[in-house]
Each structure stands twice: as structure tokens, then as C-alpha cells.
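Before any comments, here is the structure.
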Amino acid sequence: MRAHLLAACAAMLWAAPAARADRFEAAIAVRPTGGYARVAEAGTEAPATVRSAGIAGGLSWGVRNWLDLGGELAASALGEASYDRAMVLVDDSPMAGPLRRMTRTAQLRGVATLRLGVAWVPTVQLAIGAGARQRSSALLRGQSVRGETLYVPDGQAAGVTLDLVTAVRVGLEHRLTPSWTVGISVGASQAVGVGTPDLQLAEASFTLARVWYPGW
Amino acid sequence: MLSFPEKLRSEAVTSSPDFEIKSWGDDGVAVRAAHGKAPAATLALATVSGQIKVNVTLRVVPEAEPALTMVRFKAASAEEAFAAQVKAGIEQRVAPIEQRLERTQRSLDALIRQRAEEEIADRMLRRNEIVGLKAHARNSDHVIVHVQRGLLFGDDGFLVFEIENRSGAAYRLASARVLADGRDVAGAVRLASTAIAREPALIGVVAPGTTARGVVTVRAVGTVLNRPLVLELATPDGRGLLRADHGIVLR
């Protein structure tokens, strides 16, 4: 049973604010998310704001009625970021022009949730973890003898980079039955890129969680 | 001053001329010593009806001693006097019996305590093991039962449970069952209430926001060892059922 639950949790490649649980309870939760992201890019002056959508799933354990600890896996797809003017190098030659790029993220976070109620539970959540950021090739629009051409700037080809992630989330949870809870929350996260520009996410989400007393 | 509840006869007899006696109304007399060294004397008085006749000893006391300045004589009915006599007689006869009963009660308490201690010691010698358990259950009213410890003690077993009441109303525990293969094997149940249980039928009451510890006996625990047990706790109306059906196995 436990193995199945863990497998189901791992299968959800999208992370969420962890489910929340009273003392001795375990919870598994899924949370669709939507919001906005600020994406910085090398060679640009200002970050671009794009929409984001994703899903998250988590597993948590109530160590106290007011505190549970857990982990979550969250993934988000961001809209294409466009920058009106970028100054980049293409084949070691400086070029300027509009730039665009797609980003997806997956983050694995350790989560501590402060719980402040019984039936209706305001929550405050802090998370820290690591993430992977998959980015498409950046495309710089420029002119050549063949007309308008898309260039891939040096060092901005498609690839996956690592982030250090911190997040904070506040929400309200309601226990429908002894075994099911629902909730809403809003939160923000900061992804500090390792060799890449930072990424900020602000999201709202709805959470559905299954709660039970595990035998471990 | 001597006062009576009815009229006095006019004559009053005193054994000494050293005391001056004067009527004070028709139901009292005033008595005064002629001088400070008057010897003790007797004064005889009677009421007109003859119901009250008293002899009073008069004595002059030094200034340092307290003296009665006003004495009132009250008529007592025959029934009252008889009742007082009966009461005194009963108390005289019952007092030794009560003393004997008290001594017997004390010795009985000591005997019961000694027998209980011997029984506990015998059980402890036969079997005395603590079993860790991990069973929890909650109902929709946010009342939670935790069963984290069992005890094998002699021929019986015990489940130690806690009722954590996170609801806004008191949890009134009326029954506890321990089911083994559908058969109730529970014996005595005790709960350390956190609120006053006014109904005699209740085992105990857990106030809102508190946790109370309880114990339920598992009779003849040898017959249910290594079998899954179910602990069911219920309120008088059957609502608020708490059913811990996983994680209770005594081994």
C-alpha cells in the first residue's frame, strides 16, 4: 500500500504545495496551478512577464497538529518570453534585436507547513529545494542578405540548467471528511539559476488531498 | 437579674440576709449583694403556675472574675425533655457501635488494598509486557483516538488510548468495545475525564480542545494474541463513532 502511494506520488512529475495533515496523518495532494512568471534572459535589460500553468503533487506527514513536513514535486510550463531588444553575440559577433525563448521548470522541494486550524485551516508554507529549468533555444530575429533570419545567440542554445529554489505560500484548507481535504492558496517562488538568470513565479492553485493514518 | 417566661409567686426565699431581693416586673427578680463579702446563699423561686421551680446559688465573685448579670429561665415541654432524654440515650448506646464500625471499616480498607496489591503482584509475575501500537482514527467531528500502547498483564490485556477532541463540543464517551473477529472482548473501561460527567451512564467526557487518556481491559487476552483488534468508542446516541481498525495487535 505504502509502496503504491509512493509510486503514485513519484509518478506525478508535477509538484504542488504539499498536502497538509494533522499529527500522525499522512497526506497526498495534487494541485493544478496558474499564474505569472518573470523570466530574465542574458543580454536583455528587463525580465519578461509570461503566464504559467502547471501541476504539483506532494506527500506530507503531520509531526504536530500545527506543523507538517513533506516534499513536493512541481512543474510549470511558461509562455514564450519575448524581449524587444537584446544585445547578444552570434558567432562571436555582437548583434541586437528582439529575442524570444520558451521555458519549462520542474522543482523538487522540501516543505514545512504551519497549520492554524481544525476544520478550516489557514496555512503558511515555506519550501526550499532544487529545480531543473528546460529552456528552448533563444531566437534572435535579425536581418541578413536572405532577409529576416532567426539566430541562436552564443551560449543560449536549448538545454537544461539547475536552480536553487525557495518558495512561500499561504492558503486556506477545508477538511471535507476525515479522509479528504480541499484548499486554495497563493504563493511565490524564487529560482536562483546556477549560471543562468533568475526566475520568479507567482501562482494561485487549488488543492485536493487524500489524508490517512499510515501504518508506519 | 433573673427572668422567667411566666409570672412569679410573690414570695422568694433566701438563706442569707446578705442579699437584697426585689421584684422586677411580674416575671423577674433583681438580686443584689448587701456588701462585697456576702457568703454564698441559696435563693428559691417558683412561678405562679408551679411549672417552674428553681433554686439558685448566689455567690459574690471578685471583680477579676466574670459574673452573670442576667439569667433567663425558659419553660421546657415534657415532649422536649423526653426527646432530649431519648437523644442522649441513643447517643450513649450508638457511640461505641460507631467506633467499632469505624475500626472495622479501616481494617476492611486495608484488607482490600492488601488483596489488590497481592493480585497485582501475582499478575505481574505471570506476564508483564508493554506493546507498542500505532493506531489512529478520527471522525467527521474532528475527534481523534490514538492507541499507542498495549499492556499484557497476567491473564488480561489493556489498551491505553487517548481521545483528542479537536471539535468545539464535548465528546461524551458512553461505550468502548474491543472487537476480535467480531466478538467484543472488552472489560472495564476508564477515562480520565477532562470535564465533569453528569450522566451516570457515561464513561467520561473530553472537553473541547483537550486530550483525555483512557484504558480498556481486554479480557482473556491469551485468546486474541496476534489477532487484529478493533477499538470502537461511541457516544450515547451512537454518533461520533471512533473506530481504530488498523494497527492494534497484541503479541
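Proteins come first, then strands; the chains are lettered A, B, ... in the order of their sequence lines, and each starts at number 1.
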What do you reckon, is [atom1] of [X] surrounded by more than 12 foreign heavy atoms closer than 6.0 Å?
| X | atom1 | answer |
| --- | --- | --- |
| R126(B) | CZ | yes |
| R51(A) | CZ | no |
| D84(A) | CG | no |
| R213(B) | CZ | no |
| E129(B) | CD | yes |
| I196(B) | CD1 | no |

Legend entry - Closest non-hydrogen atom pair between P178(A) and S140(B), with its separation: CG-N, 3.6 Å
Inset, instruction - Answer with side chain, backbone, both or neither: which region of A137(B) has an atom nearer than 4.5 Å to a non-hydrogen atom of chain A? - result: backbone
Check whether any side-chain heavy atom of [X] lies under 4.5 Å from a side-chain heavy atom of [Y], and answer yes or no.
| X | Y | value |
| --- | --- | --- |
| W212(A) | H246(B) | no |
| D22(A) | H142(B) | no |
| R138(B) | Y213(A) | yes |

Inset, instruction - Please round to the nearest 0.5 Å and tell me the distance separating atom NE2 of H136(B) and atom CD of E25(A). - result: 9.5 Å
Legend entry - Derivation of the side-chain contact (heavy atoms from CB on, under 4.5 Å) call for R23(A) and I144(B): CA-CA 10 Å; R23(A) 184 171 62 133; I144(B) 306 156; over 6 Å; no
